[in-house]
Amino acid sequence: MTETDTAEPVRPETIKAVPVRHPGRWVSGAIVLVLAAMLVHMLFTNPNLDWGTFGKYFSQKEILKGLVATLELTVIAMAIGIVGGVVLALMRLSANPMLSSAAWLYIWFFRGTPVLVQLIFWFNIKALIGDISLGIPFGPTFITWDVNSLVTTFVAAILGLGLNEAAYMSEIVRAGILSVDEGQTEASQALGMRRLKIMRRVVLPQAMRVIIPPTGNETISMLKTTSLASTVAFTELLKAGEDIFNANYKTIPLLIVVSVWYIIITSILSVGQYYLERYYGRGSSRALPPTPLQRLLRGNLTTFHRRPPTPAVPRNPEVGGL
Amino acid sequence: MSEPMVKAEGVHKYFGRLHVLRGIDLEVEPGEVMCVIGPSGSGKSTFLRCINHLEKIDSGRLQVDGHLVGYRQRGDKLHEMRESEVAAQRREIGMVFQRFNLFPHMTALDNVMEAPIQVKGESKAAVRERATALLEQVGLSDKMSGYPSQLSGGQQQRVAIARALAMEPKLMLFDEPTSALDPELVGDVLDAMRRLAADGMTMVVVTHEIGFAREVGDTLVFMDGGVVVETGNPRDVLANPRHERTRSFLSKVL
């Protein structure tokens, strides 16, 4: 201890030691660098990649039309999946045995068969049902539609992807609902709230925290699964690319065009998911980390030195160890 | 003689083969504060939950303010109430839980405002005024916009009390309201309950706070093994328990 008159205590001497060496990091770094260099070299020199063709077709009209069709299919199929999933989850958790077994049967069937088979099935639905008519069951009919005019390739793709998705989404929603503490329902009941209101106002908003991440996953997965619709002659992004390379045989450049578009949309969706999770995480005990934008505004996007994390929520001094 | 607020006659409750309540007879008068003590597993919380039909009773009669809980009587036949009717009954009965059960996705103020707006359909402005006043009453005027996770246990429980009071109930049930709290936070919650009792609220309090029961309670009930062992004026029961079982329980907790 040194005698000082200052009120600040003298900070004891910091330990100076030789840090542990990590030769493995140098070796693995070198290997990765060489591989990366080979890849870059190949990207620039392989004539089969044909970047000229890539550039020509990347924002070509047919490709962009296919991209829009892919996005439409993703949005509509996911919308059917989410709404259907919530309904199926509520049915499965219902006290009504008819509803819960009907939901169980639906999930069993749609998870039990490949989505590609379901797509082809809907595409060929005419072979099963000739016409659809409105009328009294087993009685007279009033209006009749031809199934082929109703179920276009777009509708077949939506039905195939959406109904299949509903089965998966229902399990995600059900897990979310079950994750909410029973006490929340009891407290709501004690306040005189009824089942549907409890579900809508109390349980589902809390279940969202559990539901959102896998739903983001499902959406990204759906974006890519829509490419299966190309097999039922629906022109989405992959089919648009296929149509072009079937004519000009530039298969690889066009597959890269298609892949780059998928990656771009997937990246955008991931960002959207991040902010959605933050929104539904409000009120949870974990302090939210700053968003990349907030970090950028604070001017420390690349922080290498350690600093104590600043909690987003001011801590209450009264909060004990509860 | 006014009608009792709560009237239990021969109430039995089974969980599967477990006989939890073995014939409870109790009456709570309007404005009375009844404290229920007893070892864990004695059925005191279960009895409390039966009063607002969170648990169904298996036999006997249980009435709140002259109406059967969860059933309607037509002639000599009992009819189960529909969900909407049960919900309507529960609006009149406030309940405070051991683990608070606040809505974590809503601020303190929104927690208090939720039921009057959603259940009673009252106007937001009127409810906001009442909710603000209630939170002030329990000493939380500076915590209204805080989420439950930002509040201490004691603060959360006081929000829960305000939330129940916002429905303007005629009966309040407390299920071990201080058992999940750090000892230093218990006082504020008990103060809020004390004030409520002084304002004339009818209260049934399941508790381990013997001091509170002695000071605030009008009646003390000692339960064990699913029956009421002893009931009476808190000071008498605590000073001179008549039953051996009561005496041995009190010797452990006092």
Side-chain angles (χ1 to χ4, degrees), chain A residues 90 93-96 99 176-212 276-289 310-322, chain B residues 49 51-55 82-107 110-112 114-120 142-143 146-156 160 163-164 166-167 169 173 175 180-185 188:
Chain A
L90 293 180
L93 294 171
S94 152
N96 182 335
L99 288 182
I177 290 172
L178 292 178
S179 76
V180 178
D181 187 71
E182 184 70 23
Q184 292 290 312
T185 305
E186 282 187 356
S188 314
Q189 285 177 330
L191 287 166
M193 292 169 82
R194 293 169 62 178
R195 254 200 315 265
L196 275 179
K197 188 149 269 175
I198 296 172
M199 196 48 83
R200 196 166 56 78
R201 297 283 310 172
V202 178
V203 176
L204 277 180
Q206 294 182 58
M208 287 309 252
R209 270 182 59 208
V210 174
I211 294 173
I212 291 287
L276 214 58
E277 277 177 34
R278 280 179 61 88
Y279 174 77
Y280 281 104
R282 73 197 191 286
S284 75
S285 53
R286 282 173 298 169
L288 294 172
T310 31
V313 178
R315 294 289 295 179
N316 185 332
E318 236 186 283
V319 172
L322 250 171
Chain B
R49 292 161 59 82
I51 297 177
N52 70 352
H53 208 52
L54 283 178
E55 305 287 354
R82 275 185 287 153
E83 199 211 353
S84 55
E85 297 170 289
V86 174
Q89 266 189 338
R90 284 181 181 140
R91 280 179 217 172
E92 319 259 275
I93 308 171
M95 184 153 187
V96 174
F97 297 86
Q98 181 177 356
R99 287 184 307 124
F100 330 134
N101 294 345
L102 289 182
F103 305 134
H105 57 304
M106 299 180 194
T107 62
D110 287 339
N111 262 280
V112 179
E114 177 70 6
I117 292 174
Q118 293 295 327
V119 177
K120 283 184 164 175
D142 56 332
K143 299 289 177 202
Y147 284 96
S149 63
Q150 294 166 286
L151 304 179
S152 73
Q155 292 169 338
Q156 288 188 55
R163 177 175 71 172
M167 289 295 283
L173 308 175
D175 188 4
L181 297 178
D182 285 348
E184 56 185 328
L185 304 177
D188 290 336

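This one's a predicted model, so the numbers in the text were calculated from it and none came from an experiment.
- Rounding to the nearest 0.5 angstrom, the gap separating the CZ atom in B/R49 from the CD atom in A/E186 is 4.0 Å.
- Of the atoms belonging to B/I93, it is backbone heavy atoms, and not side-chain ones, that fall under 4.5 Å from chain A.
- The side-chain heavy atoms of B/F103 and A/P205, taken from C-beta on, include no pair separated by under 4.5 Å.
- Residues forming a salt bridge (Lys or Arg N to Asp or Glu O under 4.0 Å) with B/K120 (at least two apart in sequence, or on another chain): B/E168.
- Heavy atoms of B/R163 lying under 4.5 Å from chain A belong to its backbone as well as its side chain.
- With hydrogens and angles ignored, the 3.5 Å screen pairs no side-chain donor or acceptor of B/H105 with any backbone N or O of A/V203.
- Interface remark: B/A87 contributes backbone and side-chain atoms alike to the contact with chain A (heavy atom separation under 4.5 Å).
- Both the backbone and the side chain of B/S84 come within less than 4.5 Å of a heavy atom in chain A.
- To the nearest 0.5 Å, atom CG of residue B/N101 and atom CD of residue A/Q189 are 11.0 Å apart.
- Contacts between B/F97 and chain A at a heavy-atom distance below 4.5 Å involve the side chain alone, from C-beta outward.
- Side-chain atoms of A/Q206 do not come within 3.5 Å of backbone N or O of B/P104 as any donor-acceptor pair.
- A/K197 places a side-chain N or O within 3.5 Å of a backbone atom of B/Q118 that can act as its donor or acceptor partner.
- Taking every heavy atom of both residues into account, B/A164 and A/L191 meet most closely at CA-CD2, 4.3 Å.
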Using the side chain to side chain contact (heavy atoms under 4.5 Å, CB included) rule, take B/E114 and A/M193 through it: C-alpha gap first, then chi angles, then the decisive distance, then the call.
CA-CA 10 Å; B/E114 177 70 6; A/M193 292 169 82; 4.0 Å; yes
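- Within the structure, the salt bridge (charged side-chain N to carboxylate O under 4.0 Å, His left out) test picks out the following pairs touching residues 84-104 of chain B (sequence neighbours left out): A/D181-B/R99, B/R72-B/E85, B/E92-B/K170.
- Residue B/L173 does not touch chain A at all, counting heavy-atom pairs closer than 4.5 Å.
- Between chain A and the residues B/V96, B/V86, B/V119, the largest count of heavy-atom pairs under 4.5 Å involves B/V119.
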